[in-house]
There are 2 protein chains.
Amino acid sequence: MRLSAKADYACRAMAELAASDPPTKAERVATAQEIPLKFLENILLDLKHAGLLESQRGGDGGYWLARDASDITLADIIRVVEGPLAYVRGQRPESLDYSGVAEPLKDVWVALRANVRSVLESVTLAQIAHNDLPDVVQELVADVKAWQSH
Amino acid sequence: MRLSAKADYACRAMAELAASDPPTKAERVATAQEIPLKFLENILLDLKHAGLLESQRGGDGGYWLARDASDITLADIIRVVEGPLAYVRGQRPESLDYSGVAEPLKDVWVALRANVRSVLESVTLAQIAHNDLPDVVQELVADVKAWQSH
DNA sequence: GCTAATCCTATTTTATCAATAGACAAACCA
DNA sequence: TGGTTTGTCTATTGATAAAATAGGATTAGC
């Protein structure tokens, strides 16, 4: 399973906006997060069209969150730039047509997406900006670290 | 997050092999699961090189699982054809280098992968062949269906 | 009217995915 | 021994999407 650079950039850019005084210029975000400026502009525009950002032009212009940082999740962001949170062979799990023995696989993909969702929909920009991730995430990370130390 | 057609094909092909008497011909798998034959051959070869399959040539040849179906998980299969189970911007979550505000994002990606793992490593080919998915998966699917009926 | 920023559309570049082609090698059988 | 069937291997094509870039249009403020 792969998450695109665009989705990663979008989340980082939004985190940056959540943590700085509005309005914030695209160039500042690009520098801080090492994202190609013109690529970032496209992404910010998508996010604006989706209603997650507002903006102003001119010398004192920039971008800012359209809603409170605690009301924007990573899932919201990724859906804007990547579409559905999880898709298999370019389709949503439900619309896959499996025959015979492979049929139960469909349920696995559905479960997989549900699990992806449970993480991405639980993390808000406010939590990232304050480095205060939800318990679900912290526990998962703790488990991974415990494993690595073996 | 996207799962490739190749990974989907590989899982379906392995399920087919788990459910039929060895040896099974590639063409039979291709027909049963509607996978392009030559593409499937490449995939089966990868799985063989990874030690998940064995094979025999000639008129009575075909493929069969190298281990018991209860000892092969979907994670095993997907790692062969796609590499790491979850990667962001073409890299593993750990090797990403985040600066400043975006730092907690790294933990989110790590947690995300852990969650993906917990599904894919828990499902074996035997469970798919017998349509007897583990509780973790069944519960997730049940939750999704409950939601949809609202 | 000048400057600095966002806005918008198009294009390019690059990489990856998906699929195909064709020759080769071994197992089996008559 | 020769022919058929099947897997093995490497290379290439074609399509698609991802990633990045280009350049002008628009708007806000001074």
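Side chains are part of it too, since the values below use all heavy atoms of this structure and drop only hydrogens, waters and symmetry mates. So that the names make sense, note that chain A is the first sequence line, chain B the second, and so on, each numbered from 1.
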* Asked: Would B/Val80 and B/His49 count as a side-chain contact (heavy atoms from CB on, under 4.5 Å) if you check the C-alpha gap in whole Å, the side-chain angles of each, and the deciding distance to 0.1 Å?
  -> CA-CA 9 Å; B/Val80 169; B/His49 290 154; over 6 Å; no
* Asked: Hey, mind stepping through B/Leu133 and B/Val141 against side-chain contact (heavy atoms from CB on, under 4.5 Å) and telling me if it holds?
  -> CA-CA 10 Å; B/Leu133 298 177; B/Val141 173; 5.8 Å; no
* Apply the test side-chain contact (heavy atoms from CB on, under 4.5 Å) to residues A/Ile78 and A/Leu85: give CA-CA distance (whole Å), side-chain angles for both, the deciding distance (0.1 Å), then the verdict. => CA-CA 7 Å; A/Ile78 292 176; A/Leu85 280 195; 3.9 Å; yes
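In this structure, CE in B/Met14 is found 4.5 Å from CD1 in B/Ile72, a value given to the nearest 0.5 Å.
Within residues 7-26 of chain A, the residues having any heavy atom closer than 4.0 Å to DNA chain C are, in order of number, A/Lys25, A/Ala26. Near-neighbour residues of DNA chain C inside residues 30-52 of chain A, defined by a heavy atom below 4.0 Å, number-ordered: A/Lys38, A/Glu41, A/Asn42, A/Leu45, A/Lys48, A/His49.
Residues B/Tyr9 and B/Asn42 bring no donor and acceptor atom of their side chains to less than 3.5 Å of each other. In the model, B/Asp8 has a side-chain atom that pairs as donor or acceptor with a side-chain atom of A/Tyr98 under 3.5 Å.
Ionic pairing of B/Arg79 and B/Glu121 is present here: one or more N-O contacts between side-chain nitrogen and carboxylate oxygen are shorter than 4.0 angstrom. Salt bridge status for B/Asp143 with A/Arg117: absent, with no side-chain N to carboxylate O gap under 4.0 Å.
Taking side-chain N and O atoms only, A/Ser55 has a distance below 4.0 Å to OP1 or OP2 of C/dC7. For D/dG29, one of the phosphate oxygens OP1 or OP2 lies less than 4.0 angstrom from a side-chain nitrogen or oxygen of A/Gln56.
Between the CD atom of A/Gln91 and the C1' atom of D/dA17 there is a distance of 16 Å, rounded to whole Å. At whole-Å resolution of the value, CG in B/Leu3 and P in C/dT16 are 17 Å apart. Put simply, CD on B/Glu82 is 7 Å from P on C/dC17, counting in whole angstrom units. What separates CH2 of B/Trp64 from C1' of D/dT6 is a distance of 12 Å, to the nearest Å. Look at CG on A/Asp60: it is 17 Å from C1' on C/dC2, rounded to the nearest Å.
Within 4.0 Å (heavy atoms only), B/Arg2 reaches sugar-phosphate atoms of the nucleic acid but no base atom.
In this model, a side-chain donor or acceptor of A/Arg57 finds a partner on the base of C/dT6 within 3.5 Å.
Two residues, A/Ala5 and A/Gly59, neighbour DNA chain D, and the one matched to the more 5' nucleotide by heavy-atom proximity is A/Ala5.
A/Tyr87 and B/Val144 fall into different hydrophobic clusters, defined by Ile, Leu, Val, Met, Phe, Trp and Tyr side-chain heavy atoms under 4.5 Å apart, directly or through other members.
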